[in-house]
Amino acid sequence: MTIYDSVKKEKREFIPQEEGKATLYVCGPTVYDDAHLGHAKSALVFDLLTRVLKANGLDVTYARNITDIDDKIIKKAMEQKKDIKEITDFYTEAFHKEMEAIGVARPDIEPKATESLEAMFELVQKLIDSKHAYRTADGDVYFDTASDSEYLTLSKRVQEEDEKQNRVESSSAKKNSADFAMWKSVKDNSLTFDSPFGAGRPGWHLECSAMIEKHLACGSNKYAVDIHGGGADLLFPHHENEAAQTRCGTNHALANYWMHNGFVNIDGEKMSKSLGNSFFLKDALKVYDGEVLRFYLLSTHYRSNFNFNEEDLTASKKRLDKIYRLKKRLFGLACGNDSTAFKEKLLEALSDDMNVSTALALIDEMISSANETLDTAGKHKELKRETMANLAYIEEVLGFGVKNPFEYFQFGLDEATKAKIDALIRQRDEAKKVKDFASSDKLRDEILACGVSIMDTPQGTFWERV
RNA sequence: GGUGCCAUCGCCAAGUGGUAAGGCCGCAGCCUGCAAAGCUGCUAUCCCCAGUUCAAAUCUGGGUGGCACCUCCA
(Lines give C-alpha, C1' and ligand atoms only; values in the text may rest on other atoms or scores of the structure.)
Protein backbone atom coordinates (compact mmCIF):
# COMPACT_ATOMS: atom_id res chain seq x y z
CA MET A 1 0.00 0.00 0.00
CA THR A 2 1.20 3.50 -0.73
CA ILE A 3 0.39 6.64 1.20
CA TYR A 4 1.10 10.23 0.28
CA ASP A 5 3.16 11.67 3.09
CA SER A 6 2.30 15.33 3.32
CA VAL A 7 5.53 16.11 5.13
CA LYS A 8 7.89 14.35 2.74
CA LYS A 9 5.55 15.41 -0.05
CA GLU A 10 5.66 12.14 -1.91
CA LYS A 11 3.89 8.84 -2.12
CA ARG A 12 5.59 6.27 0.06
CA GLU A 13 5.14 2.57 0.43
CA PHE A 14 3.49 1.99 3.77
CA ILE A 15 5.71 -0.06 6.00
CA PRO A 16 4.46 -0.33 9.57
CA GLN A 17 6.94 -0.36 12.40
CA GLU A 18 5.61 -3.62 13.69
CA GLU A 19 4.92 -6.18 11.06
CA GLY A 20 1.25 -6.82 10.50
CA LYS A 21 0.14 -3.90 12.64
CA ALA A 22 -0.67 -0.28 12.00
CA THR A 23 -1.27 2.54 14.46
CA LEU A 24 -3.20 5.60 13.42
CA TYR A 25 -4.01 8.79 15.28
CA VAL A 26 -6.32 11.46 13.92
CA CYS A 27 -7.19 14.83 15.39
CA GLY A 28 -10.87 14.74 16.23
CA PRO A 29 -13.43 17.41 16.94
CA THR A 30 -13.63 20.05 19.61
CA VAL A 31 -17.08 19.40 20.98
CA TYR A 32 -18.64 22.83 21.28
CA ASP A 33 -20.80 22.90 18.16
CA ASP A 34 -22.44 20.68 15.56
CA ALA A 35 -20.25 18.84 13.10
CA HIS A 36 -20.18 20.31 9.62
CA LEU A 37 -19.40 18.71 6.28
CA GLY A 38 -15.69 19.27 6.83
CA HIS A 39 -15.68 17.20 10.00
CA ALA A 40 -17.58 14.55 8.10
CA LYS A 41 -15.04 14.55 5.29
CA SER A 42 -12.11 14.12 7.63
CA ALA A 43 -13.79 11.33 9.60
CA LEU A 44 -14.77 9.65 6.36
CA VAL A 45 -11.28 9.80 4.90
CA PHE A 46 -9.72 8.12 7.89
CA ASP A 47 -12.55 5.65 8.21
CA LEU A 48 -11.74 4.62 4.65
CA LEU A 49 -8.06 4.44 5.48
CA THR A 50 -8.63 2.02 8.35
CA ARG A 51 -10.81 -0.14 6.11
CA VAL A 52 -8.15 -0.25 3.42
CA LEU A 53 -5.40 -1.00 5.90
CA LYS A 54 -7.48 -3.83 7.33
CA ALA A 55 -8.27 -5.13 3.86
CA ASN A 56 -4.53 -5.31 3.36
CA GLY A 57 -4.36 -7.66 6.29
CA LEU A 58 -3.12 -5.23 8.90
CA ASP A 59 -4.20 -5.22 12.50
CA VAL A 60 -5.17 -1.57 12.90
CA THR A 61 -5.35 0.44 16.08
CA TYR A 62 -7.11 3.69 15.38
CA ALA A 63 -7.38 6.53 17.87
CA ARG A 64 -9.27 9.76 17.39
CA ASN A 65 -9.51 12.22 20.23
CA ILE A 66 -12.32 14.35 21.57
CA THR A 67 -11.20 17.78 22.67
CA ASP A 68 -13.37 18.61 25.63
CA ILE A 69 -11.25 21.33 27.18
CA ASP A 70 -11.21 24.47 25.13
CA ASP A 71 -11.86 28.19 25.40
CA LYS A 72 -14.71 27.98 22.91
CA ILE A 73 -16.44 25.36 25.00
CA ILE A 74 -16.06 27.48 28.09
CA LYS A 75 -17.38 30.51 26.27
CA LYS A 76 -20.42 28.61 25.10
CA ALA A 77 -21.07 27.22 28.56
CA MET A 78 -20.92 30.71 30.07
CA GLU A 79 -23.21 32.12 27.40
CA GLN A 80 -25.77 29.41 27.87
CA LYS A 81 -25.23 29.28 31.64
CA LYS A 82 -24.64 25.57 31.43
CA ASP A 83 -22.13 23.19 32.87
CA ILE A 84 -19.12 22.51 30.66
CA LYS A 85 -19.82 18.81 30.70
CA GLU A 86 -23.38 19.36 29.62
CA ILE A 87 -22.08 21.06 26.48
CA THR A 88 -19.36 18.54 25.71
CA ASP A 89 -21.58 15.52 26.37
CA PHE A 90 -24.29 16.91 24.13
CA TYR A 91 -22.01 17.54 21.17
CA THR A 92 -20.04 14.36 21.66
CA GLU A 93 -23.22 12.35 21.48
CA ALA A 94 -24.44 14.29 18.45
CA PHE A 95 -21.09 13.70 16.77
CA HIS A 96 -21.29 9.97 17.38
CA LYS A 97 -24.82 9.78 16.06
CA GLU A 98 -24.05 11.72 12.91
CA MET A 99 -20.86 9.77 12.22
CA GLU A 100 -22.82 6.56 12.50
CA ALA A 101 -25.33 7.89 9.99
CA ILE A 102 -22.60 8.31 7.40
CA GLY A 103 -21.14 4.91 8.13
CA VAL A 104 -18.07 6.01 10.07
CA ALA A 105 -17.04 3.32 12.51
CA ARG A 106 -16.06 4.30 16.02
CA PRO A 107 -12.31 4.41 16.47
CA ASP A 108 -10.74 1.79 18.70
CA ILE A 109 -9.67 4.44 21.17
CA GLU A 110 -11.37 7.76 21.72
CA PRO A 111 -9.44 9.63 24.37
CA LYS A 112 -10.76 12.80 25.91
CA ALA A 113 -8.66 15.71 27.12
CA THR A 114 -10.36 15.67 30.51
CA GLU A 115 -9.31 12.07 30.95
CA SER A 116 -5.74 12.60 29.82
CA LEU A 117 -4.51 15.32 32.16
CA GLU A 118 -2.01 13.09 33.96
CA ALA A 119 -0.39 12.18 30.69
CA MET A 120 -0.19 15.86 29.81
CA PHE A 121 1.42 16.76 33.12
CA GLU A 122 3.97 14.04 32.60
CA LEU A 123 4.95 15.33 29.19
CA VAL A 124 5.16 18.93 30.34
CA GLN A 125 7.34 17.93 33.26
CA LYS A 126 9.68 16.02 31.00
CA LEU A 127 10.03 19.02 28.74
CA ILE A 128 10.70 21.35 31.63
CA ASP A 129 13.29 18.95 33.01
CA SER A 130 15.04 18.72 29.68
CA LYS A 131 14.95 22.51 29.24
CA HIS A 132 12.70 22.37 26.22
CA ALA A 133 10.01 24.18 28.14
CA TYR A 134 10.13 27.00 30.65
CA ARG A 135 7.85 28.57 33.19
CA THR A 136 7.12 32.24 33.28
CA ALA A 137 6.52 34.45 36.27
CA ASP A 138 2.81 34.32 35.43
CA GLY A 139 2.79 30.58 35.89
CA ASP A 140 2.49 29.71 32.21
CA VAL A 141 4.57 26.98 30.66
CA TYR A 142 5.86 27.55 27.16
CA PHE A 143 7.60 25.28 24.75
CA ASP A 144 10.97 26.78 23.85
CA THR A 145 11.03 26.54 20.07
CA ALA A 146 14.63 27.70 19.94
CA SER A 147 15.63 24.59 21.87
CA ASP A 148 14.40 22.35 19.10
CA SER A 149 16.74 22.34 16.12
CA GLU A 150 14.13 20.53 14.08
CA TYR A 151 11.34 22.99 14.75
CA LEU A 152 9.50 23.96 11.52
CA THR A 153 10.91 21.00 9.60
CA LEU A 154 7.45 19.49 9.48
CA SER A 155 5.61 22.36 7.85
CA LYS A 156 8.77 23.61 6.10
CA ARG A 157 8.23 27.09 7.23
CA VAL A 158 10.98 29.69 7.47
CA GLN A 159 11.47 31.59 10.66
CA GLU A 160 10.46 35.14 10.00
CA GLU A 161 13.38 37.47 10.50
CA ASP A 162 11.49 40.66 10.91
CA GLU A 163 8.89 39.23 13.18
CA LYS A 164 10.41 40.55 16.33
CA GLN A 165 10.67 44.12 15.21
CA ASN A 166 7.20 44.16 13.75
CA ARG A 167 5.48 42.64 16.66
CA VAL A 168 4.50 44.85 19.51
CA GLU A 169 6.02 43.52 22.67
CA SER A 170 3.26 41.45 24.19
CA SER A 171 2.61 41.15 27.88
CA SER A 172 3.53 37.48 27.85
CA ALA A 173 7.00 36.54 28.83
CA LYS A 174 7.71 34.30 25.86
CA LYS A 175 11.34 33.91 24.93
CA ASN A 176 10.60 33.66 21.23
CA SER A 177 7.47 34.76 19.47
CA ALA A 178 7.04 31.26 18.06
CA ASP A 179 6.94 29.66 21.49
CA PHE A 180 3.59 28.19 22.28
CA ALA A 181 1.75 27.58 25.52
CA MET A 182 1.60 24.11 26.98
CA TRP A 183 0.02 25.15 30.21
CA LYS A 184 -1.86 28.38 30.69
CA SER A 185 -2.38 29.60 34.18
CA VAL A 186 -5.87 30.86 34.73
CA LYS A 187 -6.59 33.43 37.39
CA ASP A 188 -10.28 34.02 36.87
CA ASN A 189 -13.09 31.80 38.04
CA SER A 190 -13.61 29.89 34.82
CA LEU A 191 -12.74 26.26 34.35
CA THR A 192 -9.38 25.32 35.77
CA PHE A 193 -7.54 22.15 36.50
CA ASP A 194 -5.00 21.64 39.23
CA SER A 195 -1.61 20.70 37.99
CA PRO A 196 1.96 20.52 39.26
CA PHE A 197 2.40 23.87 37.50
CA GLY A 198 -0.52 25.51 39.24
CA ALA A 199 -4.16 25.86 38.36
CA GLY A 200 -4.88 26.40 34.71
CA ARG A 201 -5.66 24.80 31.40
CA PRO A 202 -3.61 22.86 28.88
CA GLY A 203 -2.48 24.43 25.63
CA TRP A 204 -4.12 23.30 22.44
CA HIS A 205 -1.36 21.06 21.13
CA LEU A 206 -0.52 19.27 24.32
CA GLU A 207 -3.34 16.76 24.47
CA CYS A 208 -2.56 15.00 21.20
CA SER A 209 1.07 14.40 22.05
CA ALA A 210 0.10 13.20 25.52
CA MET A 211 -2.70 10.93 24.34
CA ILE A 212 -0.57 9.36 21.66
CA GLU A 213 2.10 8.67 24.23
CA LYS A 214 -0.41 7.21 26.63
CA HIS A 215 -2.39 5.03 24.27
CA LEU A 216 -0.30 4.18 21.23
CA ALA A 217 3.40 4.76 21.67
CA CYS A 218 5.71 1.88 22.29
CA GLY A 219 8.95 2.83 23.97
CA SER A 220 11.37 1.07 21.70
CA ASN A 221 9.87 2.25 18.43
CA LYS A 222 11.32 5.05 16.36
CA TYR A 223 7.90 6.63 15.92
CA ALA A 224 5.06 7.00 18.38
CA VAL A 225 2.53 6.09 15.69
CA ASP A 226 2.75 4.91 12.11
CA ILE A 227 0.31 7.44 10.75
CA HIS A 228 -0.91 10.77 12.03
CA GLY A 229 -3.76 12.46 10.22
CA GLY A 230 -6.02 15.46 10.23
CA GLY A 231 -7.30 18.34 8.17
CA ALA A 232 -4.92 20.26 5.92
CA ASP A 233 -5.09 23.32 8.15
CA LEU A 234 -3.67 21.38 11.06
CA LEU A 235 -0.20 20.96 9.58
CA PHE A 236 0.78 24.30 11.03
CA PRO A 237 0.86 25.15 13.80
CA HIS A 238 -0.95 22.22 15.40
CA HIS A 239 1.00 19.27 14.05
CA GLU A 240 4.28 21.14 13.96
CA ASN A 241 3.92 21.79 17.67
CA GLU A 242 2.74 18.31 18.51
CA ALA A 243 5.74 16.90 16.71
CA ALA A 244 8.10 19.23 18.57
CA GLN A 245 6.66 18.25 21.96
CA THR A 246 6.96 14.56 21.28
CA ARG A 247 10.36 14.77 19.65
CA CYS A 248 11.84 16.69 22.57
CA GLY A 249 9.90 15.04 25.35
CA THR A 250 10.26 11.40 24.40
CA ASN A 251 12.80 9.20 22.73
CA HIS A 252 10.88 8.95 19.49
CA ALA A 253 9.39 11.04 16.71
CA LEU A 254 5.67 11.50 16.57
CA ALA A 255 4.73 9.83 13.30
CA ASN A 256 6.28 8.07 10.36
CA TYR A 257 3.61 9.10 7.87
CA TRP A 258 1.56 12.29 7.89
CA MET A 259 -1.73 12.53 6.09
CA HIS A 260 -3.78 15.67 5.58
CA ASN A 261 -7.17 15.77 3.95
CA GLY A 262 -8.34 18.67 1.76
CA PHE A 263 -11.06 21.11 2.63
CA VAL A 264 -14.74 21.18 1.91
CA ASN A 265 -15.80 24.47 0.36
CA ILE A 266 -19.30 25.60 -0.32
CA ASP A 267 -19.88 27.26 -3.68
CA GLY A 268 -16.19 27.96 -3.93
CA GLU A 269 -15.93 29.52 -0.49
CA LYS A 270 -14.23 28.10 2.51
CA MET A 271 -16.69 26.88 5.03
CA SER A 272 -15.95 28.36 8.41
CA LYS A 273 -17.54 29.48 11.56
CA SER A 274 -16.46 33.06 11.02
CA LEU A 275 -17.95 33.23 7.53
CA GLY A 276 -21.18 31.81 8.83
CA ASN A 277 -21.56 29.48 5.87
CA SER A 278 -21.12 26.21 7.67
CA PHE A 279 -23.18 23.36 6.34
CA PHE A 280 -24.01 21.19 9.27
CA LEU A 281 -24.10 17.46 8.89
CA LYS A 282 -27.32 17.20 10.85
CA ASP A 283 -29.06 19.45 8.33
CA ALA A 284 -27.72 17.54 5.35
CA LEU A 285 -28.92 14.31 6.93
CA LYS A 286 -32.47 15.59 6.96
CA VAL A 287 -32.46 15.82 3.20
CA TYR A 288 -30.13 13.03 2.13
CA ASP A 289 -29.46 9.49 3.18
CA GLY A 290 -26.24 9.36 5.16
CA GLU A 291 -24.76 6.95 2.69
CA VAL A 292 -25.36 9.35 -0.17
CA LEU A 293 -23.39 11.93 1.79
CA ARG A 294 -20.70 9.35 2.45
CA PHE A 295 -20.46 8.48 -1.23
CA TYR A 296 -20.40 12.10 -2.33
CA LEU A 297 -17.83 13.29 0.19
CA LEU A 298 -15.61 10.31 -0.60
CA SER A 299 -15.95 10.48 -4.37
CA THR A 300 -13.16 13.00 -4.79
CA HIS A 301 -9.61 12.23 -3.80
CA TYR A 302 -9.08 13.01 -0.14
CA ARG A 303 -6.23 15.44 -0.71
CA SER A 304 -8.10 17.63 -3.17
CA ASN A 305 -10.22 20.51 -2.09
CA PHE A 306 -13.83 19.59 -2.32
CA ASN A 307 -16.43 22.00 -3.58
CA PHE A 308 -19.81 21.07 -2.26
CA ASN A 309 -22.86 21.64 -4.41
CA GLU A 310 -26.18 19.92 -4.67
CA GLU A 311 -25.88 19.14 -8.36
CA ASP A 312 -22.81 17.00 -7.85
CA LEU A 313 -24.38 15.43 -4.81
CA THR A 314 -27.30 14.36 -6.98
CA ALA A 315 -24.93 12.83 -9.48
CA SER A 316 -23.34 10.86 -6.63
CA LYS A 317 -26.74 9.68 -5.46
CA LYS A 318 -27.51 8.37 -8.93
CA ARG A 319 -24.27 6.48 -8.90
CA LEU A 320 -24.98 4.95 -5.51
CA ASP A 321 -28.50 4.11 -6.68
CA LYS A 322 -26.99 1.81 -9.28
CA ILE A 323 -25.27 -0.24 -6.63
CA TYR A 324 -28.55 -0.57 -4.78
CA ARG A 325 -30.52 -1.48 -7.90
CA LEU A 326 -28.15 -4.31 -8.57
CA LYS A 327 -28.53 -5.35 -4.94
CA LYS A 328 -32.26 -5.26 -5.41
CA ARG A 329 -31.95 -7.42 -8.49
CA LEU A 330 -30.05 -10.03 -6.53
CA PHE A 331 -31.95 -9.57 -3.30
CA GLY A 332 -32.25 -12.62 -1.12
CA LEU A 333 -29.42 -14.55 -2.70
CA ALA A 334 -26.77 -16.01 -0.47
CA CYS A 335 -23.78 -13.78 -0.05
CA GLY A 336 -20.78 -15.35 -1.68
CA ASN A 337 -17.23 -14.98 -0.53
CA ASP A 338 -15.52 -15.81 -3.78
CA SER A 339 -12.22 -14.21 -4.50
CA THR A 340 -12.54 -12.36 -7.74
CA ALA A 341 -10.40 -10.32 -10.07
CA PHE A 342 -12.69 -7.40 -9.35
CA LYS A 343 -11.96 -7.48 -5.63
CA GLU A 344 -8.29 -7.62 -6.30
CA LYS A 345 -8.38 -4.63 -8.62
CA LEU A 346 -10.57 -2.66 -6.27
CA LEU A 347 -8.18 -3.14 -3.38
CA GLU A 348 -5.26 -2.31 -5.61
CA ALA A 349 -6.84 1.03 -6.54
CA LEU A 350 -7.69 1.87 -2.95
CA SER A 351 -4.26 0.82 -1.79
CA ASP A 352 -2.74 3.43 -4.08
CA ASP A 353 -3.16 6.32 -1.67
CA MET A 354 -6.90 5.68 -1.65
CA ASN A 355 -7.66 6.25 -5.29
CA VAL A 356 -11.41 6.25 -4.91
CA SER A 357 -12.07 7.56 -8.42
CA THR A 358 -10.46 4.56 -9.99
CA ALA A 359 -12.27 2.31 -7.52
CA LEU A 360 -15.60 3.84 -8.49
CA ALA A 361 -14.84 3.39 -12.16
CA LEU A 362 -14.19 -0.29 -11.48
CA ILE A 363 -17.45 -0.55 -9.58
CA ASP A 364 -19.43 1.05 -12.40
CA GLU A 365 -17.88 -1.32 -14.89
CA MET A 366 -18.61 -4.31 -12.68
CA ILE A 367 -22.23 -3.21 -12.31
CA SER A 368 -22.72 -2.68 -16.04
CA SER A 369 -21.23 -6.01 -16.85
CA ALA A 370 -23.31 -7.81 -14.22
CA ASN A 371 -26.51 -6.14 -15.40
CA GLU A 372 -25.73 -7.00 -18.98
CA THR A 373 -25.25 -10.66 -18.18
CA LEU A 374 -28.32 -10.67 -15.98
CA ASP A 375 -30.33 -9.15 -18.85
CA THR A 376 -29.30 -11.84 -21.26
CA ALA A 377 -28.70 -14.89 -19.06
CA GLY A 378 -30.80 -14.45 -15.95
CA LYS A 379 -30.07 -17.87 -14.57
CA HIS A 380 -26.36 -17.51 -14.54
CA LYS A 381 -25.71 -18.87 -11.07
CA GLU A 382 -22.01 -18.39 -10.94
CA LEU A 383 -22.24 -14.79 -12.02
CA LYS A 384 -24.79 -14.12 -9.31
CA ARG A 385 -22.56 -15.62 -6.65
CA GLU A 386 -19.61 -13.65 -7.85
CA THR A 387 -21.58 -10.44 -8.03
CA MET A 388 -22.84 -10.93 -4.51
CA ALA A 389 -19.26 -11.42 -3.37
CA ASN A 390 -18.23 -8.23 -5.15
CA LEU A 391 -21.05 -6.23 -3.63
CA ALA A 392 -20.19 -7.55 -0.19
CA TYR A 393 -16.61 -6.44 -0.71
CA ILE A 394 -17.70 -2.96 -1.71
CA GLU A 395 -19.69 -2.79 1.53
CA GLU A 396 -16.74 -3.92 3.56
CA VAL A 397 -14.03 -1.75 2.06
CA LEU A 398 -15.95 1.34 1.03
CA GLY A 399 -19.08 1.17 3.12
CA PHE A 400 -21.35 1.60 0.11
CA GLY A 401 -24.53 -0.45 -0.22
CA VAL A 402 -24.75 -1.60 3.37
CA LYS A 403 -28.47 -1.00 3.75
CA ASN A 404 -31.51 -2.95 2.74
CA PRO A 405 -31.99 -1.85 -0.88
CA PHE A 406 -35.73 -1.45 -0.57
CA GLU A 407 -35.44 0.72 2.51
CA TYR A 408 -32.71 2.74 0.88
CA PHE A 409 -35.06 3.78 -1.90
CA GLN A 410 -37.74 4.76 0.61
CA PHE A 411 -35.62 7.40 2.30
CA GLY A 412 -37.56 10.13 4.02
CA LEU A 413 -41.06 8.88 3.25
CA ASP A 414 -43.52 8.42 6.09
CA GLU A 415 -45.65 5.31 6.53
CA ALA A 416 -48.83 7.00 5.36
CA THR A 417 -47.25 8.00 2.06
CA LYS A 418 -45.80 4.55 1.57
CA ALA A 419 -49.22 2.98 2.19
CA LYS A 420 -50.80 5.39 -0.25
CA ILE A 421 -48.23 4.53 -2.91
CA ASP A 422 -48.73 0.81 -2.38
CA ALA A 423 -52.48 1.19 -2.69
CA LEU A 424 -52.16 3.18 -5.91
CA ILE A 425 -49.78 0.61 -7.32
CA ARG A 426 -52.27 -2.18 -6.61
CA GLN A 427 -55.00 -0.22 -8.37
CA ARG A 428 -52.71 0.39 -11.30
CA ASP A 429 -51.83 -3.31 -11.52
CA GLU A 430 -55.53 -4.12 -11.72
CA ALA A 431 -56.03 -1.61 -14.52
CA LYS A 432 -53.02 -3.02 -16.34
CA LYS A 433 -54.37 -6.54 -16.08
CA VAL A 434 -57.46 -5.56 -18.05
CA LYS A 435 -55.36 -3.41 -20.36
CA ASP A 436 -57.05 -0.24 -19.24
CA PHE A 437 -53.96 1.82 -20.00
CA ALA A 438 -55.72 5.15 -19.76
CA SER A 439 -56.47 4.46 -16.10
CA SER A 440 -53.11 2.91 -15.35
CA ASP A 441 -51.28 5.92 -16.78
CA LYS A 442 -53.45 8.26 -14.78
CA LEU A 443 -52.68 6.28 -11.64
CA ARG A 444 -49.00 6.40 -12.48
CA ASP A 445 -49.16 10.18 -12.62
CA GLU A 446 -50.68 10.14 -9.16
CA ILE A 447 -47.90 7.92 -7.89
CA LEU A 448 -45.24 10.11 -9.48
CA ALA A 449 -46.80 13.07 -7.70
CA CYS A 450 -45.82 11.42 -4.41
CA GLY A 451 -42.22 12.05 -5.35
CA VAL A 452 -41.34 8.55 -6.47
CA SER A 453 -40.72 6.78 -9.74
CA ILE A 454 -42.01 3.31 -10.52
CA MET A 455 -40.73 0.44 -12.56
CA ASP A 456 -42.54 -2.62 -13.80
CA THR A 457 -40.51 -5.81 -13.53
CA PRO A 458 -41.25 -9.52 -13.85
CA GLN A 459 -41.20 -9.60 -10.03
CA GLY A 460 -43.83 -6.90 -9.78
CA THR A 461 -43.96 -3.14 -9.66
CA PHE A 462 -41.32 -1.38 -7.60
CA TRP A 463 -41.00 2.23 -6.67
CA GLU A 464 -38.15 4.48 -5.69
CA ARG A 465 -37.94 7.85 -4.06
CA VAL A 466 -36.77 10.30 -6.70
C1' G B 1 4.47 40.11 2.08
C1' G B 2 6.16 34.70 3.13
C1' U B 3 5.18 29.41 2.03
C1' G B 4 2.64 25.75 -0.62
C1' C B 5 -1.12 23.48 -3.82
C1' C B 6 -3.91 23.31 -8.27
C1' A B 7 -5.57 24.20 -13.74
C1' U B 8 -8.07 17.40 -18.03
C1' C B 9 -15.11 16.97 -22.21
C1' G B 10 -21.27 21.41 -20.40
C1' C B 11 -20.54 19.58 -14.96
C1' C B 12 -17.87 16.08 -11.35
C1' A B 13 -13.32 13.39 -11.81
C1' A B 14 -8.93 9.46 -12.59
C1' G B 15 -4.52 9.22 -15.24
C1' U B 16 2.25 11.82 -13.46
C1' G B 17 6.78 9.86 -20.12
C1' G B 18 4.20 5.90 -24.67
C1' U B 19 -0.21 7.77 -27.43
C1' A B 20 -6.99 10.63 -22.80
C1' A B 21 -10.75 5.65 -17.02
C1' G B 22 -15.47 6.37 -14.92
C1' G B 23 -20.01 9.12 -13.53
C1' C B 24 -23.84 13.09 -14.39
C1' C B 25 -26.14 15.66 -18.43
C1' G B 26 -27.31 15.20 -23.86
C1' C B 27 -28.40 12.45 -28.53
C1' A B 28 -29.60 7.66 -31.10
C1' G B 29 -31.12 2.55 -30.53
C1' C B 30 -32.74 -2.21 -27.93
C1' C B 31 -36.30 -3.54 -24.19
C1' U B 32 -41.55 -1.80 -22.60
C1' G B 33 -48.80 -1.31 -23.92
C1' C B 34 -46.33 3.49 -22.86
C1' A B 35 -42.78 4.52 -19.20
C1' A B 36 -39.03 3.69 -15.53
C1' A B 37 -34.91 0.69 -14.71
C1' G B 38 -31.23 -1.99 -17.46
C1' C B 39 -28.22 -2.60 -21.89
C1' U B 40 -25.65 -0.76 -26.61
C1' G B 41 -23.54 3.23 -29.45
C1' C B 42 -21.94 8.58 -29.99
C1' U B 43 -19.35 13.27 -27.59
C1' A B 44 -12.30 16.12 -25.14
C1' U B 45 -5.71 15.94 -26.93
C1' C B 46 -5.51 17.75 -21.48
C1' C B 47 -5.07 26.98 -19.45
C1' C B 48 -1.15 29.69 -22.74
C1' C B 49 4.07 30.04 -24.64
C1' A B 50 8.90 27.96 -25.05
C1' G B 51 12.15 23.79 -24.10
C1' U B 52 13.91 18.43 -23.06
C1' U B 53 12.68 13.60 -25.56
C1' C B 54 12.00 8.90 -30.76
C1' A B 55 7.62 9.98 -27.65
C1' A B 56 4.55 14.81 -22.71
C1' A B 57 -1.81 15.92 -20.13
C1' U B 58 2.36 13.77 -17.63
C1' C B 59 9.46 16.49 -17.11
C1' U B 60 11.90 21.84 -17.20
C1' G B 61 11.44 27.31 -17.60
C1' G B 62 8.19 31.48 -18.20
C1' G B 63 3.17 33.44 -18.27
C1' U B 64 -2.08 33.62 -16.92
C1' G B 65 -5.92 32.12 -13.68
C1' G B 66 -7.82 29.79 -9.09
C1' C B 67 -7.09 28.19 -3.99
C1' A B 68 -4.93 27.18 0.84
C1' C B 69 -1.81 28.09 5.16
C1' C B 70 0.96 31.90 7.94
C1' U B 71 -4.79 33.66 13.78
C1' C B 72 -9.44 29.50 16.07
C1' C B 73 -10.59 25.92 12.40
C1' A B 74 -11.43 19.14 9.76
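Labels below follow one simple rule: chain letters A, B, ... track the order of the sequence lines, proteins then strands, and each chain is numbered from 1.
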Has the side chain of A:D47 got a donor or acceptor atom that lies under 3.5 Å from a matching backbone atom of A:A105? yes
Return the set of residues passing salt bridge (Lys or Arg N to Asp or Glu O under 4.0 Å) with A:D364 (not counting sequence neighbours), or none when no residue passes. A:R319, A:K322
Suppose we screen for salt bridge (Lys or Arg N to Asp or Glu O under 4.0 Å). Which residues come up paired with A:R303, at least two apart in sequence or across chains? A:D353
Could you write nucleotides 9-14 of chain B as a row of B, S and -, 5' to 3', where a protein heavy atom under 4.0 Å of any base atom gives B, of only sugar-phosphate atoms gives S, and otherwise -? --SSSS
Reading 5' to 3' through nucleotides 33-46 of chain B, protein heavy-atom contacts under 4.0 Å coded B for base, S for sugar-phosphate only, - for none: BBBBSSSS------
Just to be sure I understand the rule, does [X] reach a base, reach only the sugar-phosphate, or reach nothing, if contact means heavy atoms closer than 4.0 Å?
{"X": "A:V45", "answer": "nothing"}
{"X": "A:G38", "answer": "base"}
{"X": "A:K72", "answer": "sugar-phosphate"}
{"X": "A:F263", "answer": "base"}

In Watson-Crick or G-U wobble terms, both distances under 3.5 Å, what is the partner of [N]?
{"N": "B:rA44", "value": "none"}
{"N": "B:rC5", "value": "B:rG66"}
{"N": "B:rC59", "value": "B:rG51"}

Return yes if a side-chain donor-acceptor contact under 3.5 Å exists between A:D68 and A:T114, otherwise no. yes
When you compare the side chains of A:T246 and A:S209, does any donor N or O come within less than 3.5 Å of an acceptor on the partner?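 There is such a pair (donor and acceptor under 3.5 Å, judged by atom type) between the side chains of A:T246 and A:S209.
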Whether [Y] and [X] form a salt bridge (side-chain N of Lys/Arg under 4.0 Å from carboxylate O of Asp/Glu) is what I want to check.
{"X": "A:R201", "Y": "A:D71", "value": "yes"}
{"X": "A:D375", "Y": "A:R329", "value": "yes"}
{"X": "A:K72", "Y": "A:D33", "value": "no"}

Rounded off to whole Å, could you give me the [atom1]-to-[atom2] distance for the [X] and [N] pair?
{"X": "A:L235", "N": "B:rU71", "atom1": "CG", "atom2": "C1'", "result": "16 Å"}
{"X": "A:K8", "N": "B:rC5", "atom1": "NZ", "atom2": "P", "result": "17 Å"}
{"X": "A:F308", "N": "B:rA74", "atom1": "CZ", "atom2": "P", "result": "19 Å"}
{"X": "A:L234", "N": "B:rA68", "atom1": "CG", "atom2": "P", "result": "17 Å"}
{"X": "A:R303", "N": "B:rU16", "atom1": "CZ", "atom2": "P", "result": "12 Å"}
{"X": "A:K345", "N": "B:rA21", "atom1": "NZ", "atom2": "C1'", "result": "12 Å"}

List the atom pairs, donor and acceptor, that lie under 3.5 Å between side-chain atoms in residues 459-466 of chain A and the rest of the protein, sequence neighbours left out.
from, atom 1, to, atom 2, distance (Å)
A:T461, OG1, A:D429, OD1, 3.2
A:T461, OG1, A:D456, OD1, 3.0
A:W463, NE1, A:D422, OD1, 3.4
A:E464, OE1, A:R325, NE, 3.2
A:E464, OE1, A:R325, NH2, 2.8
A:E464, OE2, A:R325, NE, 2.8
A:E464, OE2, A:K328, NZ, 3.2
A:R465, NH1, A:F411, O, 2.6

Which comes earlier along RNA chain B counting from the 5' end, the contact point of A:E365 or that of A:L37, where each point is its nearest nucleotide?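 Nearer the 5' end of the strand: A:E365.
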When the side chains of residues 393-405 of chain A are checked against the rest of the protein, which donor-acceptor pairs come out under 3.5 Å, sequence neighbours left out?
from, atom 1, to, atom 2, distance (Å)
A:E395, OE2, A:K327, NZ, 3.3
A:K403, NZ, A:D289, OD1, 2.8
A:K403, NZ, A:D289, OD2, 3.1
A:N404, OD1, A:F406, N, 2.7
A:N404, OD1, A:E407, N, 3.0

What's the closest nucleotide to the side chain of A:A361 if the choices are B:rC69, B:rA21, B:rA74?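 Looking only at side-chain atoms, A:A361 lies closest to B:rA21.
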